[in-house]
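Here is the structure we will look at.
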Amino acid sequence: MPELPEVETTLRGLSPHLTSQRIAKVTIRNPHLRWPIPANLPGILRNQTIRRLYRRAKYLLLECDSGTLILHLGMSGSLRILPALTLPEKHDHFDLQLANGTLMRLRDPRRFGAVLWHEGDIARHPLLASLGPEPLQEDFNAAYLYRATRKRSAAIKQVIMDSHTVVGVGNIYASESLFHAGIRPQLAASKLSLPRCARLVQTIRATLSASIAQGGSTLRDFTDSDGKPGYFQQSYAVYGRTGDPCRVCGTPIKQIVQGQRSTFYCPNCQK
DNA sequence: CGCCAGGCCTGCACGC
DNA sequence: TGCGTGCAGGCCTGGC
């Protein structure tokens, strides 16, 4: 589920519920996520106030009094705001109970997500220290992408999915952005011209922004029992459309495998 | 049953 | 030797 737009939508949905609130109780039902949830976390977090929530790449960061709680949703994680005392279901691994009665609950069937704690400068955390620029910020621009791709012989799709190049471009939006930019996913990154880098930066921004905007329109449902921000109805240009006609030229969409991930593209529109 | 799935870190091999 | 780079493996469950 979570690509960057889902994480951003989750952040926006959680923020008003959690900002400036005091943590009353932390429950770990299953610590076995991608890394173990620290066993001492309940003791650490109790009575701390959540000062602010923000996002870096796909990490949700809850800045508290003495450190930062790092949340990652992996492939199947979701966070929800629920009434206190809501009974946990299968795969509900972690709860933050606030003093005002609000309950934030993490569900993650595949357990690729993470709940970690860091004291001190969060930018120095090993998971965050070597990340590239945010796709929606100014430092991700044509000149940057051009420079970052000069010595990269790997396929452009894999390079834009590499978090050292730019963060937050997952498998769906990599295919989508390349389609809108008219670039073949297999093209060696070093072969992209500056104008094509400019175009790709623009389409990465546009696809992510459009999806975030769509997620925002479903925010009112954030506290619903299913808590899913409705992305499944989203229609894609190429992702998941193997064999279907390209929406621009009618050519059947092709599916290939790159770096063990499926890639979708139009062999006519993308050069 | 086998296969696939939206993430992403780690370890290894390689070439400069 | 050390670095950047590219690749494969692995973590899990659920759905088709």
Side-chain angles (χ1 to χ4, degrees), chain A residues 1-10 29-37 55-60 70-79 89-94 106-116 118 125-132 134-135 147-179 185-191 204 207-208 210-212 214-215 218 226-243 255-264:
Chain A
M1 184 199 352
E3 288 242 9
L4 188 71
E6 287 88 333
V7 178
E8 180 66 26
T9 299
T10 296
R29 278 184 215 85
N30 182 353
H32 304 291
L33 303 188
R34 170 141 203 194
W35 298 280
I37 300 176
R55 176 185 66 71
R56 174 74 174 108
K58 291 175 185 168
Y59 296 97
L60 285 166
I70 302 169
L71 302 175
H72 197 287
L73 301 177
M75 294 265 264
S76 61
S78 60
L79 287 164
E89 296 179 31
K90 197 178 180 186
H91 309 306
D92 286 345
H93 306 311
F94 179 81
L106 172 71
R107 176 174 297 177
D108 186 2
R110 287 178 70 182
R111 287 190 273 127
F112 284 8
V115 177
L116 299 168
H118 182 74
H125 190 280
L127 291 173
L128 305 180
S130 61
L131 293 176
E134 289 286 330
R147 201 172 351 108
T149 50
R150 288 314 81 194
K151 292 175 179 171
R152 302 295 298 272
S153 61
I156 184 61
K157 194 236 187 184
Q158 292 174 260
V159 170
I160 60 173
M161 287 184 69
D162 178 348
S163 65
H164 301 286
T165 309
V166 58
V167 301
V169 181
N171 202 38
I172 295 175
Y173 295 104
S175 283
E176 293 293 296
S177 303
L178 287 165
F179 171 78
Q186 307 95 315
L187 185 69
S190 60
K191 297 214 165 146
I204 287 172
T207 51
L208 292 174
S211 186
I212 290 168
Q214 193 177 339
T218 64
D226 70 347
K228 305 289 180 198
Y231 283 87
F232 306 105
Q233 295 90 341
Q234 191 166 333
S235 74
Y236 299 117
V238 289
Y239 185 82
R241 297 192 64 238
T242 312
Q255 178 177 1
I256 59 172
V257 173
Q258 294 180 285
Q260 306 164 345
R261 312 296 298 277
S262 288
T263 299
F264 303 86

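Chain identifiers are assigned alphabetically (A, B, ...) following the order of the sequence lines, protein sequences preceding nucleic acid strands; residue numbering begins at 1 within each chain. Side-chain atoms are counted along with the backbone in the values below, which use heavy atoms only and exclude waters and symmetry mates.
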Per the side-chain contact (heavy atoms from CB on, under 4.5 Å) rule, which among Leu187(A), Val169(A), Thr263(A), Ile256(A) passes with Lys157(A)? Thr263(A)
For DNA chain C, which residues in residues 30-37 of chain A have a heavy atom at a distance below 4.0 Å? Arg34(A)
Should Tyr239(A) be listed as having a side-chain N or O under 4.0 Å from OP1 or OP2 of dA5(B)? no
Whole-Å distance between dC8(B) P and Leu71(A) CG? 14 Å
Rounded P spacing from dG9(C) to dC3(B) in Å: 15 Å
Ser153(A) vs dG6(C): side-chain N/O to OP1/OP2 distance below 4.0 Å: yes
How many Å lie between CG on Asn171(A) and C1' on dC8(B), as a whole number? 12 Å
Can you tell me the distance, in whole Å, between the CG atom of Leu128(A) and the P atom of dG7(B)? 17 Å
Same-atom distance (P) from dA8(C) to dC4(B), integer angstrom: 15 Å
How many Å lie between OH on Tyr236(A) and P on dG6(B), as a whole number? 11 Å
According to a strict under-4.0 Å criterion, is His72(A) in side-chain N/O contact with OP1 or OP2 of dG7(B)? no
OP1 or OP2 of dT5(C) sitting under 4.0 Å from any side-chain N/O of Lys151(A)? no
Sorted by chain and number, sequence neighbours left out, salt bridge (charged side-chain N to carboxylate O under 4.0 Å, His left out) with Arg29(A) holds for Asp95(A)
Minimum-distance nucleotide (side-chain atoms of Met75(A) versus dT13(C), dC9(B), dA5(B)): dA5(B)
Considering non-hydrogen atoms only, spot the tightest contact between Glu3(A) and Asn171(A) and give its length. OE2-N, 3.1 Å
Which atom pair, heavy atoms only, marks the closest approach of Gly74(A) to Pro2(A)? O-CD, 3.6 Å
For Watson-Crick and G-U wobble pairs within 3.5 Å on both distances, what is DNA chain C written in dot-bracket notation, | included for inter-strand pairing? .||||||||||.||||
Sequence neighbours excluded, the answer for ring pair (Phe, Tyr, Trp, His ring centres under 6.0 Å) partners of His125(A) is His118(A)
When you measure from the side chain of Arg111(A), which nucleotide among dC8(B), dG14(C), dC12(C) comes out closest? dC12(C)
Quick one: is Arg152(A) getting a side-chain N or O under 4.0 Å of the dG6(C) phosphate, OP1 or OP2? yes
Tell me whether Phe112(A) and dC12(C) count as stacked here, given that the ring centres must be under 5.5 Å apart and the planes must differ by less than 30 degrees. no
For Gly132(A) and Val167(A), work out which heavy atoms get closest and say how close. O-CG1, 3.5 Å
Taking CG from Leu73(A) and C1' from dA5(B), how many angstroms apart are they, rounded to a whole number? 16 Å
For dA5(B), take OP1 and OP2 only and decide whether either is under 4.0 Å from a side-chain N or O of Ser262(A). yes
What's the CD-C1' distance between Gln158(A) and dA8(C), to the nearest Å? 12 Å
Between Leu116(A) and Pro36(A), the two heavy atoms sitting closest are CD2-O, 4.2 Å
So which atom in Glu176(A) and which in Val238(A) form the shortest heavy-atom distance, rounded to 0.1 Å? OE2-N, 2.9 Å
I'd like to check the side-chain contact (heavy atoms from CB on, under 4.5 Å) partners of Asp162(A); sequence neighbours left out, ordered by chain and number. Arg152(A), His164(A), Thr165(A)
Between the base of dG6(B) and the side chain of Glu6(A), is there a donor and acceptor pair under 3.5 angstrom? yes
Looking only at heavy atoms, what is the nearest atom pair of Ile204(A) and Pro135(A), with distance? CG2-CB, 4.1 Å
Residues which pass salt bridge (charged side-chain N to carboxylate O under 4.0 Å, His left out) with Arg55(A), listed by chain and number, not counting sequence neighbours: Glu8(A), Glu134(A)
Rounded to the Å, how far apart are Gln260(A) CD and dC4(B) C1'? 13 Å
Rounded to whole angstroms, how far apart are CG on Asp108(A) and P on dG6(B)? 16 Å
It should be established whether Arg110(A) places a side-chain nitrogen or oxygen under 4.0 Å from OP1 or OP2 of nucleotide dG14(C). no
